[in-house]
Structures are given as structure tokens and as C-alpha cells.
Amino acid sequence: LRQMATLMVYASTSIIYLTIPLLFQPIVTGFLIGVSIPVIAMMLIVNKMTRVASISHTLHSGRQQGFLVEALSHAKYLMATGRSNVVVDRVLTETRLLGSRYRRLMTLSGIARYGFEPFIVIGLALVIIYYTQWQGQMISEILFLLFLYRTAAVNLLSIQPAYRSFLNSS
């Protein structure tokens with residue numbers, strides 16, 4: 001329930017912070033939304049890659065635990081027959097695979113959570129330059145709209161981890 005409430009707060013706040021600039025400056029807001037479409041597409045791709053990496057990590061973790069349970073429950077037999085090296089090799093191989101899967105999962109999770117903010121900042125800077133230098137609009141109006149848009153974008157970026165957390169809890 002808590003994860004669903006968090007998800008709803010981020011989604012509704014994003015909608016509100018996108019609606020206000022749309023009422024004041026629909027052209028600027030439309031431009032900003034158009035610029036954000038590639039970032040959203042990249043977010044979807046990274047989210048899918050993260051999901052695949054998470055499933056792979058879970059599968060390898062289960063295999064490693066299975067090998068460890070097998071080794072511990074049959075330790076006496078394995079040592080008596082001289083087969084302990086085979087099981088130890090399997091555990092070590094699976095541990096290495098699990099480590100590489102974990103690194104990949106943590107890297108993708110970091111990218112999904114923090115990797116898109118530089119794109120947002122660059123996009124906002126380009127909008128400021130375009131509308132103040134080339135279109136001649138007042139910087140205070142553009143900065144206020146960008147503040148609203150940035151707040152909406154941060155909330156939109158927060159939806160993805162909140163959604164993942166909501167899915168994991170249900």
C-alpha cells in the first residue's frame with residue numbers, strides 16, 4: 001500500500017507540474033515534452049535491461065544456493081568419494097557468474113536511477129538559451145516554467161523506481 005501511495009504521489013505531482021506550464025506557455029511546454037521523448041525512450045530500454053538483469057541475478061543466486069545446500073548436506077559423502085572438488089568448482093564458477101550478474105544489475109540500477117539527470121539539465125540549458133537569446137522572451141518567465149518542468153521531470157524519473165518497488169511488493 002505504501003509503494004502504491006508513493007507511486008500515485010509521483011504520478012499526480014508530475015501531471016500537475018506539467019499542466020501548469022502548459023496553461024502559461026503551451027509552445028515552450030510542447031517543445032520540452034518533445035525534447036523529453038528520447039529520454040523517456042532510453043528510460044524504457046534501461047528499465048527492460050534492468051528487469052532482465054534482475055531475473056538473471058535471481059536465477060544464478062538460486063543455483064548458487066542449491067550448490068551450497070548440496071555441498072553441505074552431502075559433505076561427508078563427497079569427501080569420502082573424492083568428489084568434493086567437483087562441487088567446489090561448481091560453487092566457485094557459479095559465484096563468479098553471480099558476481100558478474102550482480103555488478104551488471106547494480107550498474108543498470110544506478111543508470112536507471114541517476115543516469116538521466118544530465119540529459120535533463122542539458123535540455124533545460126538549451127531551452128533557456130533558445131528562448132532567451134533567439135526568441136527574446138523574458139528569462140524570469142522561462143526560468144519559472146523550467147522550474148516547474150524540472151520538478152515534473154524529477155517526479156517522472158522517480159516514478160520508475162517507485163513502480164518497480166510497487167511491483168516487487170505485490
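These values consider heavy atoms only, across backbone and side chains, with no hydrogens, waters or symmetry-generated copies.
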So if you build clusters from Ile, Leu, Val, Met, Phe, Trp, Tyr with side-chain heavy-atom gaps below 4.5 Å, do [X] and [Y] land together?
{"X": "Ile129", "Y": "Val121", "result": "no"}
{"X": "Leu105", "Y": "Ile111", "result": "no"}
{"X": "Ile55", "Y": "Leu97", "result": "no"}

From [X] atom [atom1] to [Y] atom [atom2], the distance as rounded to the nearest 0.5 Å:
{"X": "Leu92", "Y": "Phe67", "atom1": "CG", "atom2": "CZ", "result": "11.5 Å"}
{"X": "Glu141", "Y": "Leu146", "atom1": "CD", "atom2": "CG", "result": "10.5 Å"}
{"X": "Leu59", "Y": "Leu98", "atom1": "CG", "atom2": "CG", "result": "11.0 Å"}
{"X": "Ser140", "Y": "Leu145", "atom1": "OG", "atom2": "CG", "result": "9.5 Å"}
{"X": "Leu148", "Y": "Leu23", "atom1": "CG", "atom2": "CG", "result": "10.5 Å"}
{"X": "Leu108", "Y": "Ile45", "atom1": "CG", "atom2": "CD1", "result": "12.0 Å"}

Checklist entry - Just wondering, more than 12 heavy atoms not from Met8 lying within 6.0 Å of its CE? => result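 12 or below, so no.
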Item to check | Flag if over 12 foreign heavy atoms under 6.0 Å of CD1, Ile27 | outcome: no
Taking C-beta and beyond as the side chain, do [X] and [Y] meet within less than 4.5 Å on heavy atoms?
{"X": "Val87", "Y": "Glu70", "value": "yes"}
{"X": "Arg90", "Y": "Arg63", "value": "no"}
{"X": "Phe24", "Y": "Ile20", "value": "yes"}

Checklist entry - Yes or no on side chain to side chain donor-acceptor pair (under 3.5 Å) for Gln64 and Thr95, after CA distance, side-chain angles and deciding distance? => result CA-CA 7 Å; Gln64 180 197 35; Thr95 301; 2.9 Å; yes
Exercise: identify the closest heavy-atom pair between [X] and [Y]:
{"X": "Thr19", "Y": "Ile15", "value": "OG1-O, 2.7 Å"}
{"X": "Ala152", "Y": "Ser14", "value": "O-OG, 3.4 Å"}
{"X": "Pro38", "Y": "Gly34", "value": "CD-O, 3.6 Å"}

Checking the side chain of [X] only, and the main-chain atoms of [Y] only, is there a donor and an acceptor separated by less than 3.5 Å?
{"X": "Ser12", "Y": "Val9", "value": "yes"}
{"X": "Ser56", "Y": "Val52", "value": "no"}
{"X": "Thr58", "Y": "Ser54", "value": "yes"}
{"X": "Asn47", "Y": "Met43", "value": "no"}

Next on the checklist: Can you classify the ring geometry of His57 versus Tyr102 as parallel (below 30°), tilted (30 to 60°) or perpendicular (above 60°)?
Outcome noted: tilted
